[in-house]
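So the structure is just underneath, and the comments pick up after that.
This chain uses plain numbering: 1 for the first residue, then up along the sequence. Side-chain atoms are counted along with the backbone in the values below, which use heavy atoms only and exclude waters and symmetry mates.
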Amino acid sequence: MSNHSIGPWTVRRQNPSPTSGEWMIAGSKPGYLAEVRDCGSGSVEANANLIASAPELYDALKELAQWYQDSTGLPACAANAALAKARGEA
């Protein structure tokens, strides 16, 4: 992933209210990368944790896709498509 904020990214809860709590995603530098709010679609905390894990997930998937291709001689199509989407190429 080029030009993304370097990890690790962390989750911080800014407002402890269970109905209007705001979960913030922080990078390695001061400030926040994203704010996750309740839009009625799943757990806000779970969504925030998934977003915060993006740099590690990207790196792991890239490594696994390369291993798969090296081992089988075939491209890891679904993995490569997900990586392209993360880079803004899909």
Side-chain angles (χ1 to χ4, degrees):
M1 196 184 310
S2 61
N3 299 323
H4 72 315
S5 298
I6 59 170
W9 295 358
T10 58
V11 176
R12 296 193 180 128
R13 183 130 191 218
Q14 293 300 104
N15 179 352
S17 168
T19 57
S20 63
E22 297 177 2
W23 295 82
M24 306 299 284
I25 309 297
S28 60
K29 294 185 178 183
Y32 294 104
L33 300 169
E35 177 180 321
V36 183
R37 291 182 173 252
D38 186 0
C39 63
S41 173
S43 164
V44 179
E45 181 179 10
N47 290 337
N49 286 322
L50 180 61
I51 293 166
S53 68
E56 291 91 348
L57 289 171
Y58 181 89
D59 290 342
L61 185 58
K62 187 175 176 183
E63 187 176 314
L64 286 170
Q66 187 62 55
W67 171 85
Y68 181 82
Q69 185 167 340
D70 292 346
S71 298
T72 67
L74 301 170
C77 296
N80 289 332
L83 293 166
K85 183 177 180 181
R87 291 189 303 267
E89 299 170 1

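Here the CE atom belonging to Met24 is positioned 10.0 Å from the CZ atom belonging to Arg12, to the nearest 0.5 angstrom. Taken from CG in Leu61 to CD in Gln66, the straight-line distance is 11.5 Å, to the nearest 0.5 Å.
Ser71 places no side-chain N or O within 3.5 Å of a backbone atom of Tyr68 that could act as its donor or acceptor partner.
Using a 4.5 Å heavy-atom threshold, the side chains of Trp23 and Glu45 count as touching. The side-chain heavy atoms of Ile25 and Val36, taken from C-beta on, include a pair separated by under 4.5 Å.
The cluster map of Ile, Leu, Val, Met, Phe, Trp and Tyr, joined by side-chain heavy atoms under 4.5 Å apart, puts Leu74 and Trp67 in the same cluster.
Nearest heavy atoms, Ser28 versus Gly7: CB-O, 4.1 Å. Residues Val11 and Ala48 share a closest heavy-atom pair of CG2-O, 3.4 Å. Across every non-hydrogen atom of Glu56 and Pro8, the tightest pair is OE2-CB, 3.8 Å.
Applying the 6.0 Å contact sphere to CD of Glu63 captures no more than 12 heavy atoms from other residues, nucleotides or ligands.
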**Audit row: Ile51, Leu33, side chain to side chain contact (heavy atoms under 4.5 Å, CB included) steps and yes/no** = CA-CA 10 Å; Ile51 293 166; Leu33 300 169; over 6 Å; no
**Request:** Begin from the C-alpha positions of Trp9 and His4 and carry the test side chain to side chain contact (heavy atoms under 4.5 Å, CB included) through to its verdict.
**Result:** CA-CA 11 Å; Trp9 295 358; His4 72 315; 4.3 Å; yes
